[in-house]
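All chains are named by letter (A, B, ...) in the order of the sequence lines, taking the proteins before the strands, and each is independently numbered beginning at 1. Given the structure is predicted, the values throughout are model-derived calculations rather than measurements.
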Amino acid sequence: MIEKPVINAAEAAKMVNEGDVVHVGGFLACGSPLGILAALAARGTKNLTLVCNDTAVLDEKNGRVTGVAPLVKNRQFRKMIISHIGTNPESQRQMNAGETEVVLVPQGTLAERVRAAGCGLGGILTATGLGTEVQEGKQVVQVQGRTFLVEEALPGDVALIKARKADKAGNLVYSKTARNFNPLMAMACKTVIVEAEEIVNIGEIDPDQVHTPSILVDYLVKA
Amino acid sequence: MIEKPVINAAEAAKMVNEGDVVHVGGFLACGSPLGILAALAARGTKNLTLVCNDTAVLDEKNGRVTGVAPLVKNRQFRKMIISHIGTNPESQRQMNAGETEVVLVPQGTLAERVRAAGCGLGGILTATGLGTEVQEGKQVVQVQGRTFLVEEALPGDVALIKARKADKAGNLVYSKTARNFNPLMAMACKTVIVEAEEIVNIGEIDPDQVHTPSILVDYLVKA
Amino acid sequence: MIEYVESKENIARRIARIFKTGDVVNLGIGLPTLVANYVPPEVTVILQSENGLIGLGPAPEKGREDKDLTNAGAMPVTLLTGGAYFDSAMSFGIIRGGHVDCTVLGVLEVDQEGNLANYKIPGKMVPGMGGAMDLVAGSRVVVAATTHLEKTGGSKLKRRCSLPLTAEHGVDIVVTDVGYFEVKGSHFVLREYFEPYTPEWIVEHTDADVQVSPDCKPWRA
Amino acid sequence: MIEYVESKENIARRIARIFKTGDVVNLGIGLPTLVANYVPPEVTVILQSENGLIGLGPAPEKGREDKDLTNAGAMPVTLLTGGAYFDSAMSFGIIRGGHVDCTVLGVLEVDQEGNLANYKIPGKMVPGMGGAMDLVAGSRVVVAATTHLEKTGGSKLKRRCSLPLTAEHGVDIVVTDVGYFEVKGSHFVLREYFEPYTPEWIVEHTDADVQVSPDCKPWRA
């Protein structure tokens, strides 16, 4: 197996270009690549499109600013494709003020749209969102007498994800609920950068227990 | 966690009713539940619809009869939804003679159709099969200027699958390439019966390493 | 004269009695989370959390939190022995695929056609739907948990939701702090009234069509 | 006078030179499987097998076969250190999602528009497409590997496939035992001729439009 370059967080942040669609793993920052996100906030790259479960927590009064929240505050995103912004009042403010385009996507649909991109599917058919604002502007298909929305694949330029453990080839193992969107995003983006808590030698991960196979990973960052 | 009933292969075979759609795990019998299949062949239940990767190997001259091949020979299937029948001449003969309805499905599409059923999706959009006989009679959808086939979810009545290890609650771990369709089928059927090589106590499988969570499993059979 | 006193505890107590052993249940953030505290000891339910686990256990002791183990509200939790973790696609595959028996979720409004609104007050509060739309679309039974009256006095049960819908016709059961309702056809059916409230009081204080079931009975927490 | 002598080995040898280090490659059953034997030692390719692994290794020693570890042709194989197993949805996600750089597969017919037939001779032989349709639709580069002539003397390269297609316009490169062809627009371009065959001989013995590339060169295994 071929070893993947190990870079630092600042080098990882440099790989995100202005205008990129960036997939960020994590669920309310649990399982987000915090080191890379801090470097990307410091670098200040603008005009990004965020694909993420949520905009994490922005609660400066209580000193809780997590995950992508600093980047939201920095106005680094021109668009967010996201299932939940309820714990980050700044993202709600930007949405209501029309400063940032926010596309709310049901969480399960978001997961499938990211997966579809990674799996070379054009999209999936789901009943989620029928009869709601989510349906607006979408194609509808009948299957066996039932109605489904066509939800399109959602690919990205760069995936910033977090793993518990990587081997030097890039095989990944996630931990507990820090797994969430990470393995899906690892399939869906042109460049995949992984912040790993531990980087082990090739052969140290049981091949039956690999969550993301090495070929999907481009760069490793030690957390 | 609640323990699942442990039954024997004959009891498992009894749960398959005439006319059922039966999903059978395995790839050329690697990862097929051989004990349950032998019991189902002995019981002789007819008029089944088979959903499986292939019809395994029927080569009586060389003494190789594997996986679902004895059931094919018994004429237990009125229909097969399958990606490959090239190693079982009897299934080809039945198809050409019009004795058994055979629907050939690209392997990746078969996997996604089974998964879609298990995941509550109406189906998926794929470019696989465009411009071939696979396209016949199917809806087509345009997404971002590209054409995709609508491939519909493929649910089943009973899944007969094989695991390396189960705990008593029904959490499953598969082994190597014996995994294949098994975890997908575990999601897609009303009744899920697992032939496990080993049944261990609850708590003996690392929760990060469970391939199929217990709630998807109804019965365990010791291989 | 009956005076309305909000009781989230009563809502949680009653909902906890809906489950039977073996049910896979998803409890939404907030009020529904309380339900877990009142499941009778003889009933074993299996809790799913949409951020990626089955077999949700109680909160950890202080100091034993694991940064990688939270519920969908980012609160530290534990996993019961025999539980399992998975990714978000699998989690919602389980939810949408009908493998979750019951979902309990909070609402801003619920109406007599089973429509539900809980993710958006346009121009004001827009938390987003998170997993709610999939949970309502996919679960076998959907229970709306809500205090009966708004702070302003109107009822949360409506003839027709005015806010953007989370799902059309998704709700099967509504449990408030005054009674237990089913959604049947295009109206609510009151199955139980929670004393000291009476069916008459409930009908009067609900801004929707409520039919009192012929075998409507009292229930006390 | 050149006499055609079938040589699967030459086909495999030439295809093995297409890859560069790091390429993820899927080799079909039969002739394509031979390709693995001829990859130069300085090139590290990563072999994917659609039945659920990445990092395919050589056949095991006799007596060390593992019933749970086979290739897509049910032959016992091994896994290289650093390889991984996955289910069929993930396997074809990898294939369809463009994560496989190159697929090599055998054909019954391939035509000058890049159409490919290899799964069905109606009424006669119907093996089924297995993973071939997804592999052709999803891989970045598709190489058809075939002997140049049929037993009956006609060429496997056609103007137009007569058998049911495995995929429309999927093939990028065709390597036979006489030459290396690219599919460009609506014809074959001969890039290399394998000695002792000559471009003239190849054009004459191919039932399709073949353009000889201006920089067409000889190649010897």
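- Scanning both residues, D:A137 and B:T128, for their nearest heavy atoms gives CB-OG1, 3.8 Å.
- Contact of the D:Y119 side chain with the B:E133 side chain is registered, since non-hydrogen atoms from C-beta on lie closer than 4.5 Å.
- At a 4.5 Å heavy-atom cutoff, the contact between D:A167 and chain B is made by backbone atoms alone.
- When heavy atoms are compared at a cutoff of 4.5 Å, D:M125 approaches chain B by way of both its backbone and its side chain.
- Scanning all heavy atoms of the two residues, the minimum distance from B:F27 to D:A72 falls at CE2-O, 3.4 Å.
- Options B:T66, B:V114, B:V102, B:V105 differ in how many heavy-atom pairs under 4.5 Å they form with chain D, and the most are formed by B:V105.
- More than 12 heavy-atom neighbours from other residues, nucleotides or ligands sit within 6.0 angstrom of CZ on D:F19.
- The shortest distance between side-chain heavy atoms of D:L79 and B:K176 does not fall below 4.5 Å.
- The pair B:R164-D:D68 does not count as a salt bridge, with every side-chain nitrogen at least 4.0 angstrom from each carboxylate oxygen.
- Between B:Y174 and D:D87, every side-chain heavy-atom pair lies at or beyond the 4.5 Å cut-off.
- For a residue to count as touching a neighbouring chain, one of its non-hydrogen atoms must lie under 4.5 Å from one of that chain's; by this rule D:S49 does not touch chain B.
- In this structure, D:D134 and B:G108 approach most closely via the heavy-atom pair OD2-N, 2.7 Å.
- Contacts with chain D were tallied for B:G131, B:G86, B:P106; B:P106 has the most, counting heavy-atom pairs under 4.5 Å.
- Contacts of D:S91 with chain B are absent, with no heavy-atom separation under 4.5 Å from either backbone or side chain.
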